[in-house]
Amino acid sequence: RMRRPEAECRHDIDTFTPGLLALYESLKPSEEHRSKQKQLVDSLAKSVSKEWPNAQMHLYGSCANSFGTSHSDVDVCLEMETGTQDAIEVLVKLADVLRTDGFENVEAITSARVPIVRMSDPGSGFSCDICINNLLAVANTKLLKDYAQIDQRLLQLAFLVKHWAKQRGVNETYRGTLSSYAYVLMCINFLQQCEPKILPCLQAMEPTYKLTVDGTECAYFDKVDQLQGFGADNKASVAELLWGFFHYWASQHHYKRDVISVRLGKTISKQEKRWTTRVGNDRHLVCIEDPFEVSHDLGRVVDRQTIRILREEMERAAVVLQHDDDPCVTLFEPY
Ligand code: ATP
Ligand code: MG
């Protein structure tokens with residue numbers, strides 16, 4: 001039986017920072033990776049423009065939000081007038097065009113919450129998801145990217161958390177665990193709430209960026225170059241923050257009562273959002289509010305069984321960082 005994590009982290013925690021930073025460096029995509037990504041995007045743009053000359057291509061997700069590792073896929077959103085056609089018809093047509101142009105494993109996935117075409121690029125082997133007019137994802141991509149520029153510890157923490165989640169098998173929404181996007185929001189919220197704060201709450205500041213998508217207003221302060229050094233009073237090392245993150249999710253977060261909100265830079269009650277576990281099919285066991293689509297709970301995929309797995313993994317991570325002789329290895333052991 002595992003020991004419960006303690007309230008204070010070990011005194012020698014900082015000795016693990018160099019090892020964790022070396023791991024972070026090794027996870028960052030290489031120059032070669034970036035140039036292959038660019039080639040894929042260029043050849044995709046060529047195919048699309050033949051059929052839809054007015055379509056605009058946006059990159060979103062981790063290839064554009066700066067949280068991408070060398071294992072991340074490429075996420076592309078096409079912005080276009082679809083006229084009388086609906087997005088699904090356009091996607092089916094797009095899949096045909098891409099097959100003709102030599103892309104591999106092309107598949108229109110039309111039943112998903114966000115319908116996409118998925119394919120792989122024979123040149124690079126990368127997998128690529130394409131959606132149509134999903135501009136909320138483009139907006140949240142920019143929000144994440146802007147947060148990442150305020151304090152480098154966000155990227156470091158989030159890369160390590162994403163790596164941990166992939167290694168431990170808790171980064172699979174189709175199996176009831178959380179998306180990469182959800183983990184990054186958890187990291188941002190954690191750094192908004194630590195004392196002294198490492199990140200501000202950009203949506204609570206005077207907006208300098210505004211975009212309205214299907215009636216949803218996306219507005220926040222995006223002049224992040226003015227926020228350099230915001231978190232400088234907090235001297236916590238990456239090892240300490242990583243422990244703090246898992247400690248928070250293992251034993252401090254009030255799962256039954258609270259929702260984490262990057263939009264507000266704090267937690268709010270489920271009651272306030274009417275996200276009590278009884279409403280309809282939505283389980284709301286782990287509540288993570290989308291910063292723009294505020295009725296959307298990124299934790300809704302979690303069920304009674306997977307919340308147990310998630311919490312056990314969070315607890316294991318906190319205990320490993322607290323007590324293990326070689327936490328940089330043990331923490332990321334494949335499950
Ligand atoms: P990875 O490195 O694992 O590919 P990612 O950030 O690209 O990380 P994806 O799961 O591929 O993560 O998601 C891509 C993007 O789609 C996210 O950055 C976000 O903009 C959007 N997204 C993903 N899941 C959701 C969701 N449940 N609700 C709203 N937007 C989402
Ligand atoms: Mg992705």
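Ligands are counted one by one from 1 in listed order, and the atoms in each one are counted from 1 as well.
The N/O atoms of Tyr181, backbone and side chain alike, include none that comes under 3.5 Å of an N/O atom in ligand 1. For ligand 1, the polar-atom distance check finds an N/O of Lys162 within less than 3.5 Å of one of the ligand's N/O atoms. Ligand 1 has an N or O atom lying under 3.5 Å from an N or O atom of Arg113, backbone or side chain. Close N/O approach between Lys166 and ligand 1 is found [any backbone or side-chain N/O within under 3.5 Å].
Figure legend: Lys142 and Tyr209 shown as a cation-pi pair, the cationic atom lying under 6.0 angstrom from the six-membered ring centre and within 45 degrees of its axis. Both tests do not hold together for Arg263 against Phe292: distance to the six-membered ring centre under 6.0 Å, angle to the ring axis within 45°.
Heavy-atom distances between Glu293 and ligand 1 stay at or above 4.0 Å for every pair. Heavy atoms of Asp73 approach ligand 1 to within less than 4.0 angstrom.
Close contacts between ligand 1 and Leu298 involve ligand atoms 26 (C), 27 (N), 28 (N) [criterion: under 4.0 Å to a heavy atom]. Atoms of ligand 1 found under 4.0 Å from any heavy atom of Tyr60 (numbered from 1 in listed order, with element): 15 (C), 16 (O). When each atom of ligand 1 is checked for a heavy atom of Thr141 under 4.0 Å away, the hits are 20 (O). Close approach of ligand 1 to Asn65 (heavy-atom distance below 4.0 Å) involves ligand atoms 6 (O), 18 (O).
With respect to the Mg ion (ligand 2), Asp73 has OD1 as its nearest N, O or S atom.
In this structure, Trp52 is not a member of the same hydrophobic cluster as Ile116, with clusters built from ILVMFWY side-chain heavy atoms closer than 4.5 Å. Linking Ile, Leu, Val, Met, Phe, Trp and Tyr residues whenever their side-chain heavy atoms come within less than 4.5 Å leaves Val76 and Phe67 in two separate clusters.
For atom 9 (P) of ligand 1, the closest heavy atom belonging to the protein is Asp75 OD2, 4.4 Å. In terms of protein heavy-atom proximity, atom 2 (O) of ligand 1 is closest to Ser72 OG, 2.6 Å. With hydrogens left out, the protein atom closest to atom 18 (O) of ligand 1 is Gly61 CA, 3.3 Å, a heavy atom.
No salt bridge links Lys93 with Glu89; every basic N to acidic carboxylate O contact stays at or beyond 4.0 Å. For Arg316 and Glu312, the salt-bridge test fails: no basic side-chain N is under 4.0 Å from an acidic carboxylate O. At a threshold of 4.0 Å, the pair Glu107-Arg118 does not count as salt-bridged, since none of the basic side-chain nitrogens sits closer than that to a carboxylate oxygen.
Two rings, from Trp249 and Phe190, have their centers 6.0 Å or more apart. Aromatic ring centres of Phe126 and His33 lie closer together than 6.0 Å. Separation of the His58 and Tyr60 ring centroids does not fall under the 6.0 Å cut-off.
By heavy-atom distance, the residue among Ala137, Cys131, Cys77, Ser62 lying nearest atom 7 (O) of ligand 1 is Ser62. In this structure, of Ala139, Ala182, Ser180, Gly299, the residue bringing a heavy atom nearest to atom 3 (O) of ligand 1 is Ser180.
At least one N, O or S atom of Asp75, from either the backbone or the side chain, sits less than 2.8 Å from the Mg ion (ligand 2).
When non-hydrogen atoms are compared, ligand 1 lies under 4.0 Å from the side chain of His296 (C-beta onward) but not from its backbone.
Here the rule is side-chain contact (heavy atoms from CB on, under 4.5 Å) with Phe103, and of Leu40, Val97, Val117 only Leu40 fits it.
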